[in-house]
Amino acid sequence: MPDGDSALAQRTMIMSGGSRGIGLEIARRAAADGANVTLIAKTDQPHASLPGTIHTAAEELEAAGGTVLKVIGDVRRDEVVAAAVEQTVERFGGIDIVVNNASAIDLSRTEDLPMKAYDLMQDINCRGSFLLAKTALPHLRKSAGAGRNPHILTMSPPLNLEPRWAGAHLGYTIAKYGMSLVTLGLAEELRGSGIWVNSLWPRTTIATAAIRNRPGGEQRVATSRIPQICADAAYLVFTAPPGKFTGRFLIDDDVLAEHGVTDFGRYRAVPGLAPLNTDLFL
């Protein structure tokens with residue numbers, strides 16, 4: 001996607017997660033404009049099978065042109081999120097964009113899902129999204145008052161109430177739909193405030209290390225798109241005229257199509273004509 005006109009220069013984004021995958025690409029796209037980025041992530045040390053830490057992510061964002069604040073911690077902890085918000089405001093002067101990206105996944109059926117895994121998903125996905133948005137809200141109000149076009153973007157799906165999605169993996173569905181309810185509720189609660197609230201979800205599976213490491217990973221990657229498609233869509237949301245996107249459950253390629261993009265082949269992880277794998281909840 002062609003570079004913009006540095007619309008996010010000197011804007012400040014705070015993101016949960018972001019050490020790899022879709023979150024890192026969204027942050028990188030903002031950093032390329034000269035944005036300030038705070039990353040809240042636990043990945044202080046390398047993972048055996050998932051490349052990337054908060055430190056390598058920060059290096060990549062700074063190389064792209066951004067200024068980075070690293071907060072090593074767990075989005076489940078109130079004091080960590082409060083400190084991250086406070087440090088962000090101290091360092092950069094405010095907050096303009098909140099990205100709820102951190103998410104845990106376990107697709108086990110109900111009888112097989114340990115309650116520890118259930119609690120982890122609820123606490124990171126649903127509670128973590130609510131907590132970060134809530135804690136940053138006073139600063140987003142200030143951003144709106146200054147005409148800086150603030151956003152809350154949550155990486156969660158449309159609220160598709162077809163029973164098959166709940167029946168397939170109830171614990172995970174509850175957790176992801178909880179994130180989507182944060183979007184639905186805050187968009188209405190903040191209507192008229194000048195703070196725009198949306199969810200973004202990929203049309204297809206996205207080729208990340210987590211996808212590659214699952215059974216049949218190479219085939220999954222071959223039928224997936226790259227994380228950049230989500231980053232380009234998120235950038236268009238952040239830089240859209242005030243109010244263009246709010247209270248919406250956006251799909252990445254729909255956002256791009258609305259802005260005239262017609263070539264989606266460049267977003268394929270593996271060039272070819274094999275049918276792409278549609279993501280969950282669509």
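Remember, predicted model here, so these are calculated numbers, not experimental data.
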Task: N/O donor-acceptor pair under 3.5 Å between R127 side chain and R76 backbone - done: yes

Open item on the list: Less than 4.5 Å apart, side chain to side chain, heavy atoms only: is that true for P227 and T208?
Closed with: yes

Open item on the list: Can you see whether D232 engages Y267 through a side-chain donor-acceptor pair at a distance of less than 3.5 angstrom?
Closed with: yes

TODO: Determine, step by step, whether R225 and D253 satisfy the side chain to side chain contact (heavy atoms under 4.5 Å, CB included) criterion, reporting the C-alpha distance in whole Å, the side-chain angles of both residues, the deciding distance to 0.1 Å, and the verdict.
DONE: CA-CA 11 Å; R225 287 171 171 163; D253 57 9; 3.0 Å; yes

Open item on the list: Is the shortest side-chain heavy-atom distance between K142 and I95 below 4.5 Å?
Closed with: no

Task: Any donor-acceptor pair under 3.5 Å from R268 side chain to A274 backbone - done: yes

- [ ] Give the minimum heavy-atom separation between A57 and G18, together with the two atoms involved.
- [x] CB-O, 3.8 Å

TODO: Check whether L107 and Y118 end up in the same hydrophobic cluster, where Ile, Leu, Val, Met, Phe, Trp and Tyr are linked by side-chain heavy atoms less than 4.5 Å apart.
DONE: yes

- [ ] Would you kindly confirm whether W201 and V261 end up in one hydrophobic cluster when ILVMFWY residues are joined by side chain heavy atoms under 4.5 Å apart?
- [x] no

Task: Interatomic spacing from NZ in K134 to CD1 in I152 - rounded to 0.5 Å - done: 12.5 Å

Open item on the list: If you compare all heavy atoms of Y177 against all heavy atoms of P158, which two are closest, and at what distance to 0.1 Å?
Closed with: CE1-O, 3.7 Å

- [ ] Taking all non-hydrogen atoms of both residues into account, name the closest pair between V270 and A222 and its distance.
- [x] CG2-CA, 3.7 Å

- [ ] Check the pair E258 / R248 against salt bridge (Lys or Arg N to Asp or Glu O under 4.0 Å), numbers first and verdict last.
- [x] CA-CA 14 Å; E258 282 188 40; R248 292 176 61 180; 2.9 Å; yes

Task: Minimum side-chain heavy-atom gap Q228-R266 below 4.5 Å - done: no

TODO: Could you tell me whether the side chain of T154 and the main chain of S156 form a donor-acceptor pair under 3.5 Å?
DONE: no

Open item on the list: If I compare all heavy atoms of S224 with all of A207, which pair ends up nearest, and what's the gap?
Closed with: CB-N, 3.7 Å

Task: CG on L131 to SG on C126, rounded to 0.5 Å - done: 11.0 Å

Task: hydrophobic_cluster_shared for L282 and I206, side chain cutoff 4.5 Å - done: no

- [ ] Run the numbers on L113 and M121 for side chain to side chain contact (heavy atoms under 4.5 Å, CB included), then give the verdict.
- [x] CA-CA 11 Å; L113 181 66; M121 289 191 290; 4.0 Å; yes

- [ ] Taking the side chain as every heavy atom from C-beta outward, state whether R91 and N36 have any pair of such atoms under 4.5 Å apart.
- [x] no

Open item on the list: Between K42 (side chain only) and V75 (backbone N and O only), is there a donor and an acceptor less than 3.5 Å apart?
Closed with: no

TODO: Determine yes or no for a side-chain-to-main-chain donor-acceptor pair under 3.5 angstrom, with T56 supplying the side chain and T53 the backbone.
DONE: yes

Open item on the list: Please verify the inter-ring angle class for H169 with F281; under 30° counts as parallel, over 60° as perpendicular, anything in between as tilted.
Closed with: perpendicular

Task: Minimum side-chain heavy-atom gap S180-P157 below 4.5 Å - done: yes

Task: Polar side-chain atom of N198 near backbone of T246 as donor-acceptor pair, under 3.5 Å - done: yes

TODO: For side chain to side chain contact (heavy atoms under 4.5 Å, CB included), just list the numbers for F92 and T67, CA-CA rounded to whole Å, side-chain angles, deciding distance to a tenth of an Å, and then say yes or no.
DONE: CA-CA 9 Å; F92 301 126; T67 303; 3.7 Å; yes

- [ ] Would you please classify the geometry between the F238 ring and the H151 ring as parallel, tilted or perpendicular, with 30° and 60° separating the classes?
- [x] perpendicular

- [ ] Output the distance between atom CG (N100) and atom CZ (F130), rounded to the nearest 0.5 Å.
- [x] 11.0 Å

Task: With M15, the side-chain contact (heavy atoms from CB on, under 4.5 Å) member among L24, T38, I26 - done: I26

Open item on the list: Within this structure, what is the CD1-CE distance for the pair I124 and M179, rounded to the nearest 0.5 Å?
Closed with: 10.0 Å

TODO: May I ask you to decide if G128's main-chain N or O and D123's side chain share a donor-acceptor pair within less than 3.5 Å?
DONE: no

- [ ] Report yes if the side chains of D254 and R203 come closer than 4.5 Å at any heavy-atom pair, otherwise no.
- [x] yes

TODO: Answer whether the closest heavy-atom distance between the side chains of L153 and I97 falls below 4.5 Å.
DONE: no

Open item on the list: Using the rule that Ile, Leu, Val, Met, Phe, Trp and Tyr join whenever any side-chain heavy atoms are under 4.5 Å apart, tell me whether Y172 and L161 fall into a single cluster.
Closed with: yes

Task: Check: A64 main-chain N/O paired with R28 side-chain donor or acceptor under 3.5 Å - done: no

Open item on the list: Is it the case that the side chain of S16 and the backbone of N101 share a donor-acceptor pair, with hydrogens and angles ignored and the cut-off at 3.5 Å?
Closed with: yes

Task: D279 vs T205 side-chain heavy atoms within contact, under 4.5 Å - done: yes

TODO: Please identify each residue that fulfils side chain to side chain donor-acceptor pair (under 3.5 Å) with R77, with sequence neighbours left out.
DONE: E79

- [ ] Begin from the C-alpha positions of L256 and L236 and carry the test side chain to side chain contact (heavy atoms under 4.5 Å, CB included) through to its verdict.
- [x] CA-CA 8 Å; L256 294 169; L236 290 172; 3.6 Å; yes

- [ ] Check the hydrophobic clustering (I, L, V, M, F, W, Y; side-chain heavy atoms under 4.5 Å; chains of links allowed) and say if V197 and I14 are grouped together.
- [x] yes

Task: Shortest non-hydrogen contact from G73 toward I40 - done: O-CG2, 4.1 Å

Task: Point-to-point distance, once rounded to the nearest 0.5 Å, from CG of L137 to CD1 of I195 - done: 5.0 Å

Task: Over all atoms of both residues, closest heavy-atom pair of A30 and M13 - done: CB-CE, 3.7 Å

Task: Exercise: do Y235 and D33 side chains pair donor with acceptor under 3.5 Å - done: yes

Task: Nearest-0.5 Å distance, CD1 of residue I72 to CD1 of residue I54 - done: 5.5 Å

Open item on the list: Donor-acceptor check, side chain of R20 to backbone of P51, threshold 3.5 angstrom: yes or no?
Closed with: yes

